Visitor: 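Mind having a look at this structure? Questions to follow.
Owing to the predicted nature of the structure, the values given are computational and were not obtained by experimental measurement.
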Amino acid sequence: MMRTWVCVLVSSLMLASCAQLQEPQPFALTVAHINDHHSHLLPMERTALTVDGETYRVETGGFARVATKIADIRASQDNVLALHAGDAITGTLFYTLFDGAADAALMNLICFDAFALGNHEFDNGDAGLKRFLDFLGMSTCGTVVLGANVEPEVGVSPLTAKTRWDSFKPYAVYNVGGERVGVIGLDIAVKTKNSSQPDKTTVFADEYETAKYYVDELRGLGIEKIGLLTHIQYRNDLELAERLPAVDFIIGGDSHTLLGDFSRYGLPSVGPYPMQVANADGEAVCIAHAWQYSQVVGELAITFVGDQVADCGGQAHFLVAEDAPEAIQKLPQFAAVAPNAEAESMLDQYRTKLDELTLQVIAEVDERLCLKRMGPLASVECGVGRQSDAHRVVAEAFLASAPQADFALQNGGGVRREINAGELTVADAYSLLPFANTLVEVQITGREVKQVLEQALAYAISTGGSDGAYPHGADIRFDVDMRAADGQRISALEVLTESGWQPIQADRMYTMITNSFLSAGNDGWALLGELSAQGRTTDTYVNYAQSFVDWARKTKTIKRPNSHSTQSYRAAE
C-alpha cells in the first residue's frame, strides 16, 4: 500500500517508472483436458480398483461424465481453457458405424477450446479426417483444430483445397482473464506418417523445429504465456519442454499416460500430476496427460507471476459412478459424478442405431472360410494342408492396418468362428474378433521370431496349455513338426518380400504386427512380454475388430486365401 501512496504523490512524468516498480500480480490459469478417448463414449462397466487391500469392480468414465466434470471445473474456476490432445476417433463401434459423427457431437456438447490432431485422426486418410472435422464444425461451438506440423498438399488434399490452413491452424490465442495465452498444436510426425494412413502427399514436419518456429512467432506478437497441445507421447513432451524456451505448459497425448497418485489403487500411473521440468530458459514448465478412453479429466492449475510459471498444481480426476463404494469416493483422486443428462440423451440415440447398423453388410464372402485353431486344415472341402482361412484373412487385415509391418502373427484362440459364404456384416466381424484387443507393432529379430514360434508350439501341447496358442500369420510361413524336440519344431521359416519368399534372417530386425493379448506375453508367447518390457513394442490403439471391418470394406469381395499358405505339418504322436 505504501508503494501505491507514494506513486500518487509523484509527478505524472514518473508514473510509468512507478508502475514498473510494482510487483506483478499473480494470474491463475486452469486447463481442463482429456486425450486419446478413441471413440470410447460409454463407461467402463467393471474397472478394478484396489483400496486398502480390497478390490472393487466399479463403473468408471464415459463421455457423459467427462462433460459433467469439465462443466464443474468451468463453474468453479475463473480462467479456464478446455483442451483435447488428440486421438478422438477410431477404437469402438461408435466410430466404425458413425464415422466420427458421434464423437463430434459429444465433443461439441463440451465445446473444447482447442483440439490437436492425433495420428489416428488420419486412419482413414485425409478424406476421413475431413469428414470428422466437418462433423466437428457443424456447431456454433467453434473448437479450434490445431496441427502446426501437419502439411497436406494444397490443392490436392481435401484438408487443404485452397490454403494450408483451411481445416486447422498452427496455434490459437485466447484472451483469458485479461491475459493472452497462446496454444500451439503438434502431432507425432514419424508415427503418423508411417503407422497411420495419411495421404501420400501429406507430410509432417519435425516437432521441435515446428514448435520453436511458432514459439518465436507468438513472442513476436507480444505473447509470453505459451502452451503446447501435443500428441507426441509423454517422454517426447519431457524432452521438448527442456529444449524449448518460453514454453509454460504442455497438455499431451498419444502415449496413454496416467499421471497422479493412482499406482496404489492398481492403476498404471507413471509419475506425479502434473510433472514439472525446466525449459531452456531454466523456467518451470507444467506437463499434464489424462490417460485414455474417457476415464480421466485433468485439471491443471498454473499460477503465473508476470510471464513466468510460479507454481504447477491441480488434480487428475479419475471418474467413477455416483454409487461407487465410499472407500473410493473419499479419495481425492476419484471424482464421483453423475453423467451429463444431455450427453446421455445423445448417447441413447446413437446406441439405438447401433443394433440396426451392426447388420450393415461390409463385404461379400466368395466361399466358406474354414477355421482350425491348431495345424493346417484337414477337410477336402477346405483344402487339405492349407492354413486356417479365417486366421489368415484376420492376419491380412492386421497387415492392411499396419503397412509398415513385414508380417502379421495371430494365435489360434484369438479368432472365434468360421466365416460363412455370403454377406459379411459388422456384427459378424465383432463376433469373429470379440475381445478388447488392439494391434501392436513389435520390433523383433528373425532369431526371436523363431524363438517365440517355438514357445507358442511348446505351450500348445503342454499340460495345462492350450491349442489356442498355435501361430497363424500373413506374409510369413513355416513348416511344423510337433514330434520334434522342444525348440526344433519350426523349420523353413520365410517371410514375403518384394522379391518373393525369402528365408528369415536371424540378425535382421523385422516389424511384426500382432494383437495386444499376445504382446503381453500371454498364451505361451512369453518372449513378446519380454520385448514389451524392453520398449520394443508400440500399441497402435487400433481395435483389432475394427481393423478387420476396415479391411473387409476395402476388399469388398473376400476370397479364400491362395495356396502359398500351405504348411508342412506333422502332428505329435
Visitor: According to the interplanar angle, ranging from 0 to 90°, do the rings of Phe398 and Tyr544 count as parallel (below 30°), tilted (30 to 60°) or perpendicular (above 60°)?
Guide: tilted

Visitor: Donor-acceptor check, side chain of His120 to backbone of Ile89, threshold 3.5 angstrom: yes or no?
Guide: no

Visitor: Spell out, as yes or no, whether a donor-acceptor pair under 3.5 Å connects the side chain of Thr160 to the backbone of Val156.
Guide: no

Visitor: Passes side-chain contact (heavy atoms from CB on, under 4.5 Å), Gln443 versus Leu531? Steps please.
Guide: CA-CA 8 Å; Gln443 300 303 312; Leu531 299 185; over 6 Å; no

Visitor: Is there a side-chain contact (heavy atoms from CB on, under 4.5 Å) between Leu136 and Val145? Walk through the geometry before answering.
Guide: CA-CA 9 Å; Leu136 198 62; Val145 180; 4.0 Å; yes

Visitor: Kindly indicate whether the side chain of Ile226, heavy atoms from C-beta on, has any atom under 4.5 Å from the side chain of Arg219.
Guide: yes

Visitor: Please confirm whether the backbone N or O of Asn149 pairs with a side-chain atom of Thr210, one donor and one acceptor, at under 3.5 Å?
Guide: no

Visitor: Is there a ring pair (Phe, Tyr, Trp, His ring centres under 6.0 Å) between His289 and His33? Walk through the geometry before answering.
Guide: CA-CA 8 Å; His289 284 232; His33 62 98; 8.2 Å; no

Visitor: Looking at Met138, I'd like to know if its CE atom is crowded, meaning that more than 12 non-hydrogen atoms belonging to other residues, nucleotides or ligands lie closer than 6.0 Å.
Guide: no

Visitor: Are Thr511 and Val442 packed together at the side-chain level, in the sense that at least one heavy-atom pair is separated by less than 4.5 angstrom?
Guide: no

Visitor: Verify side-chain contact (heavy atoms from CB on, under 4.5 Å) between Ile287 and Val277, making sure each step is shown before the conclusion.
Guide: CA-CA 8 Å; Ile287 300 177; Val277 299; 3.8 Å; yes

Visitor: I need the Leu93 CG to Asn543 CG distance, nearest 0.5 Å.
Guide: 8.0 Å

Visitor: Working to the nearest 0.5 angstrom, can you tell me the gap between Asp99 CG and Arg131 CZ?
Guide: 4.5 Å

Visitor: CZ of Arg243 to CG of Asn236: how many Å apart, nearest 0.5 Å?
Guide: 10.5 Å

Visitor: Any idea which heavy atoms bring Gly91 and Gln546 closest together, and the distance?
Guide: N-OE1, 3.0 Å

Visitor: For the residue pair Leu146 and Val183, establish whether any side-chain heavy-atom pair is separated by less than 4.5 Å.
Guide: yes

Visitor: For the pair Asp348 and Arg351, find out whether any cationic side-chain nitrogen is under 4.0 Å from an anionic carboxylate oxygen.
Guide: yes

Visitor: Hydrogens and angles aside, do Gln404 and Glu441 bring a side-chain donor and acceptor to less than 3.5 Å of each other?
Guide: yes

Visitor: Where is the tightest heavy-atom contact between Ala85 and Asn35, given as atom of each residue plus distance?
Guide: CB-CB, 3.7 Å

Visitor: Would you confirm whether Ser196, through its side chain, and Pro198, through its main-chain N or O, come within 3.5 Å as a donor-acceptor pair?
Guide: no

Visitor: Looking at Asn108 and Cys111, would you say the former's side chain and the latter's main chain have a donor-acceptor pair under 3.5 Å?
Guide: no

Visitor: Any side-chain to backbone donor/acceptor pair from Thr540 onto Val440? Under 3.5 Å, distance only.
Guide: no

Visitor: Can a side-chain donor-acceptor contact be found between Asn119 and Tyr541 if the only test is distance below 3.5 angstrom?
Guide: no

Visitor: With a 4.5 Å limit on heavy-atom distance, are the side chains of Leu186 and Leu240 in contact?
Guide: yes

Visitor: Measuring only between side-chain heavy atoms, which start at C-beta, is Phe27 closer than 4.5 Å to Asn79?
Guide: yes

Visitor: With a 4.5 Å limit on heavy-atom distance, are the side chains of Asp237 and Gln233 in contact?
Guide: no

Visitor: Would you tell me whether Gln197 and Asp123 have side-chain atoms, one donor and one acceptor, within less than 3.5 Å of each other?
Guide: no

Visitor: With rounding to the nearest 0.5 Å, note down the distance linking CD1 in Ile110 to CG in Asn340.
Guide: 8.0 Å

Visitor: Got a list of side-chain donor-acceptor pairs under 3.5 Å for residues 296-314, not counting sequence neighbours?
Guide:
unit_1 : atom_1 : unit_2 : atom_2 : d
Glu299 : OE1    : His317 : NE2    : 2.7
Asp307 : OD1    : Lys225 : NZ     : 2.9
Gln308 : NE2    : Glu283 : OE2    : 3.1

Visitor: Just verifying a value: how many Å separate Leu83 CG and Phe112 CZ, rounded to the nearest 0.5 Å?
Guide: 8.5 Å

Visitor: Decide yes or no for Thr143 and Asp113: does some side-chain heavy atom of the first lie under 4.5 Å from some side-chain heavy atom of the second?
Guide: no

Visitor: Run the numbers on Phe115 and Phe168 for ring pair (Phe, Tyr, Trp, His ring centres under 6.0 Å), then give the verdict.
Guide: CA-CA 9 Å; Phe115 164 68; Phe168 51 88; over 10 Å; no

Visitor: Ignoring hydrogens and angles, write down the donor-acceptor pairs under 3.5 Å from the side chains of residues 52-61, residues two or more places apart or on other chains.
Guide:
unit_1 : atom_1 : unit_2 : atom_2 : d
Glu54  : OE1    : Tyr56  : OH     : 3.4
Thr55  : OG1    : Thr50  : OG1    : 3.0
Arg57  : NH1    : Arg46  : O      : 3.1
Glu59  : OE2    : Arg65  : NH1    : 3.0
Glu59  : OE2    : Arg65  : NH2    : 2.8
Thr60  : OG1    : Thr47  : OG1    : 2.6
Thr60  : OG1    : Gln295 : OE1    : 2.6

Visitor: The criterion is ring-ring contact (aromatic ring centres under 6.0 Å, His included); which residues satisfy it with Tyr293, sequence neighbours excluded?
Guide: His40, His256

Visitor: Just grab all the ring pair (Phe, Tyr, Trp, His ring centres under 6.0 Å) pairs involving residues 200-227, residues at least two apart or on different chains.
Guide: Phe122-Phe204, Tyr171-Tyr214

Visitor: Do you know the tightest heavy-atom contact between Val320 and Ala324?
Guide: CG2-CB, 3.9 Å

Visitor: Determine the minimum heavy-atom distance between Gly182 and Ile223, stating which atoms define it.
Guide: N-CG2, 3.7 Å

Visitor: Can we call the ring centroids of Trp291 and Phe318 under 6.0 Å apart?
Guide: yes

Visitor: How about Thr92 and Ser39: does a side-chain donor come under 3.5 Å of a side-chain acceptor?
Guide: no

Visitor: Which salt bridge (Lys or Arg N to Asp or Glu O under 4.0 Å) pairs, counting each pair once, include a residue from residues 259-274, with sequence neighbours left out?
Guide: Asp261-Arg264

Visitor: In chain order, what residues pass the ring-ring contact (aromatic ring centres under 6.0 Å, His included) check against Phe98, with sequence neighbours excluded?
Guide: Tyr350

Visitor: Please check if any side-chain donor atom of Asp87 sits under 3.5 Å from a side-chain acceptor atom of His231, or the reverse.
Guide: yes

Visitor: Can you tell me if Asp36 uses its side chain to pair, donor with acceptor, with the backbone of Gly253 under 3.5 Å?
Guide: no

Visitor: If you take all heavy atoms of Trp165 and Ala148, which pair is closest and at what distance?
Guide: CH2-O, 3.9 Å

Visitor: Just how far is it from atom CG of Asp126 to atom NZ of Lys200, taken to the nearest 0.5 Å?
Guide: 13.0 Å

Visitor: Taking all non-hydrogen atoms of both residues, which atom of Leu259 and which atom of Phe262 are closest, and how far apart?
Guide: O-CE1, 3.4 Å

Visitor: Is a side-chain N or O of Asp166 found less than 3.5 angstrom from the main chain of Thr163, in a donor-acceptor match?
Guide: yes

Visitor: Taking Lys212 first and then Asp216, would you say they form a salt bridge - that is, a charged N and a carboxylate O separated by under 4.0 Å?
Guide: yes

Visitor: Could you check whether any side-chain N or O of Asp199 sits under 3.5 Å from a backbone N or O of Thr201, counting only pairs where one atom can act as donor and the other as acceptor?
Guide: no

Visitor: Counting C-beta onward and ignoring hydrogens, is there a side-chain heavy-atom pair between Arg536 and Ser532 closer than 4.5 Å?
Guide: no

Visitor: Looking at Glu326, I'd like to know if its CD atom is crowded, meaning that more than 12 non-hydrogen atoms belonging to other residues, nucleotides or ligands lie closer than 6.0 Å.
Guide: no

Visitor: Is there a donor-acceptor pair under 3.5 Å between the side chain of Asp248 and the backbone N or O of Val285?
Guide: no

